[in-house]
Each structure stands twice: as structure tokens, then as C-alpha cells.
Protein chains: 2
Amino acid sequence: MSLLSGLWSPEIIWSLSKGARRFSEIRRNIPGISAKVLTGRLRDLERRGVLSRSVIPTSPPTVEYELTSLGEELLPAIQSIVEVGTRLILRDRQLHDSDVPLKPD
Amino acid sequence: MSLLSGLWSPEIIWSLSKGARRFSEIRRNIPGISAKVLTGRLRDLERRGVLSRSVIPTSPPTVEYELTSLGEELLPAIQSIVEVGTRLILRDRQLHDSDVPLKPD
DNA sequence: CCGTATCCAAAGAGATACTG
DNA sequence: CAGTATCTCTTTGGATACGG
């Protein structure tokens with residue numbers, strides 16, 4: 001299960017679902033993540049074989065991250081967890097709303 | 001994603017996949033988990049709506065934990081993550097074995 | 001642009017002892 | 001049986017500053 005460990009790993013994997021992305025693109029894509037944490041998570045996911053890192057020797061250097069085929073296999077799992085979570089949130093909101101109904105405007 | 005947060009939560013959910021279990025049954029089922037951690041995770045998962053806790057007033061008391069319907073929806077996701085992880089481990093072992101081949105007995 | 005270094009705080013988890 | 005109470009250690013993450 002450590003494949004998805006870390007607060008941001010699922011979002012990082014998700015942000016690579018549509019193809020290779022650069023460091024700064026991923027960072028912009030995930031509001032709130034710091035460079036340090038993003039670097040740490042990317043290194044961890046690389047070591048585990050979930051994504052690959054390739055440096056293109058331009059100036060300044062370009063670094064691209066891409067899911068491996070095994071990384072891509074995690075996408076459906078992430079999606080279904082997010083779906084369950086969304087339903088839980090909606091259900092909670094409904095329970096709360098029925099306690100305190102909105103007055104019609 | 002916090003639905004699966006905590007080192008042991010996926011295993012706890014998994015151990016309830018075949019129906020309701022008592023505290024001590026879950027604990028026996030998951031070697032290495034302490035009572036404190038199990039209690040903490042169960043409370044967390046209950047609060048999030050993944051499982052339910054019911055006390056049967058016998059003496060000594062019986063406490064049963066059971067997945068909610070939303071909890072059950074997490075099972076396929078857990079299974080597919082475990083499958084990817086297993087393939088990663090097997091692939092790594094293969095790579096390592098090809099470096100240091102076993103000598104035929 | 002793509003990071004590393006440092007320091008700090010908070011959360012999880014392990015071990016152990018104790019309880020209604 | 002099914003927990004709670006401590007205490008300690010480690011891991012993560014946030015903030016900030018700096019570097020090739």
C-alpha cells in the first residue's frame with residue numbers, strides 16, 4: 001500500500017494521468033504543495049517504479065515525469081477511492097442539510 | 001484519500017471483507033498490530049463512515065465491526081493496488097535474480 | 001528551471017502497563 | 001473481552017533560504 005503513501009502521492013499520480021509533465025507543471029497543478037515535498041514524493045514514487053524521471057539536457061534543464069505502465073494501473077483504483085469519498089461527503093452534507101433546511105429564498 | 005490513511009487501515013478493511021468481525025478476531029488476523037493502533041484506526045474509519053461498530057451487551061461485552069456499503073466499495077480499489085504492488089515486487093525480484101542467478105542444486 | 005538544506009511541528013505507531 | 005493511558009521514536013509535511 002506504500003505505493004500511495006504520502007499525503008500528495010495520489011494527486012501527483014493523477015496529475016500524470018494524461019501524459020508526461022514537467023516539475024513546474026505538476027507543481028502548478030497541485031495548489032499548496034511545496035517544492036520540497038513534491039521532490040520527495042517524486043523520488044519515492046520513482047524508486048517504487050510508479051513513475052519515471054528523465055532529464056533533457058537543455059539550458060535551463062527540462063525534467064519530465066511520466067507514469068510507468070504499472071503506475072497507470074493505479075489510476076482506476078485512485079478514481080474509485082475518490083468516488084467513494086465524494087459520495088461520503090455528499091451523504092454527510094445531506095444529513096446535515098436535513099437538520100437545518102435552507103429557507104427558500 | 002484519507003479513507004485509506006494510516007499504515008493499517010487497508011488491512012483492517014480487508015479483514016472485514018467477508019463479514020462482521022470482533023475486535024480480537026481482527027487483531028489476530030493482522031499480526032503485528034497493537035491494541036492501541038487498532039482502536040485508533042477503527043475509531044477513525046468509523047468516523048469516516050467506512051465501517052460500523054456495534055456493542056452487544058453480553059458479559060463480557062462483545063463488539064462487532066462491519067463494513068458499511070460505502071466501505072465495501074473500497075475493496076476493489078484495495079485489491080487492485082495490492083495486485084500492482086505484487087507485480088512490482090515480482091518484477092524487482094526477477095531483476096535481482098538475473099544479476100545473481102541461483103546455482104542449480 | 002529544478003531542485004537542496006535546514007529547522008520545526010504534528011501525526012502515527014510501538015511498547016508497556018492498567019481497567020470496567 | 002475490549003479497550004485506555006503514557007511515553008517515546010520516527011515519519012511527513014510546512015516554511016524559508018539558497019544553489020547549479
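Lettering of chains follows the sequences in order, A, B, ..., and the numbering in each one begins at 1. Worth saying up front: this structure is predicted, and the values here are computed from it rather than measured.
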Please determine, for the side chain of Arg53(A), which listed nucleotide (dG3(D), dT4(C), dC2(C)) has the closest atom? dC2(C)
Mind checking whether [X] and [Y] have side chains closer than 4.5 Å, heavy atoms only?
X        : Y        : result
Phe23(A) : Leu38(A) : yes
Met1(B)  : Val82(A) : yes
Ile33(A) : Ile12(A) : yes
Leu7(B)  : Val37(B) : no
Ile13(B) : Leu51(B) : no

Work out which heavy atom in [X] is nearest to a heavy atom in [Y]; give both atom names and the distance.
X        : Y        : value
Leu70(B) : Gly49(B) : CB-O, 4.3 Å
Ala77(A) : Ser80(B) : CB-OG, 3.2 Å
Leu4(A)  : Pro10(A) : O-CD, 3.8 Å
Ser15(A) : Ile26(A) : OG-CG2, 3.7 Å

Look for any protein N or O under 3.5 Å of an N or O in nucleotides 18-20 of chain D and output each such pair with its distance, or none.
none

Interatomic distance, [X] [atom1] vs [N] [atom2] [rounded to whole Å]:
X        : N      : atom1 : atom2 : answer
Leu42(B) : dA2(D) : CG    : P     : 11 Å
Arg43(A) : dG3(C) : CZ    : C1'   : 8 Å
Leu38(A) : dC2(C) : CG    : P     : 10 Å

For Arg53(A), which residues count as a side-chain hydrogen bond (donor to acceptor under 3.5 Å, both in side chains) partner, sequence neighbours excluded? Tyr65(A)
Side-chain (Ser2(A)) to main-chain (Ser5(A)) donor-acceptor, under 3.5 angstrom: no
Pairs satisfying salt bridge (charged side-chain N to carboxylate O under 4.0 Å, His left out), at least one member in residues 22-42 of chain B, at least two apart: Arg41(B)-Asp44(B)
Short heteroatom pairs, N/O only, protein and nucleotides 9-13 of chain C, under 3.5 Å:
residue: dA13(C); atom: OP1; partner: Leu7(B); partner atom: N; Å: 2.2
residue: dA13(C); atom: OP2; partner: Arg41(B); partner atom: NE; Å: 3.2
residue: dA13(C); atom: N7; partner: Lys36(B); partner atom: NZ; Å: 3.3

Of the residues in residues 15-30 of chain A, which ones touch DNA chain C at a heavy-atom distance under 4.0 Å? Arg22(A), Phe23(A), Ser24(A)
When the C1' atoms of the five terminal pairs at each end define the local axes, what inter-axis angle does the helix from dC1(C)-dG20(D) to dG20(C)-dC1(D) show, to 10 degrees? 60°
For the hydrophobic clusters of this structure (ILVMFWY residues joined by side-chain heavy atoms under 4.5 Å, transitively), does one cluster hold both Leu90(B) and Leu3(A)? no
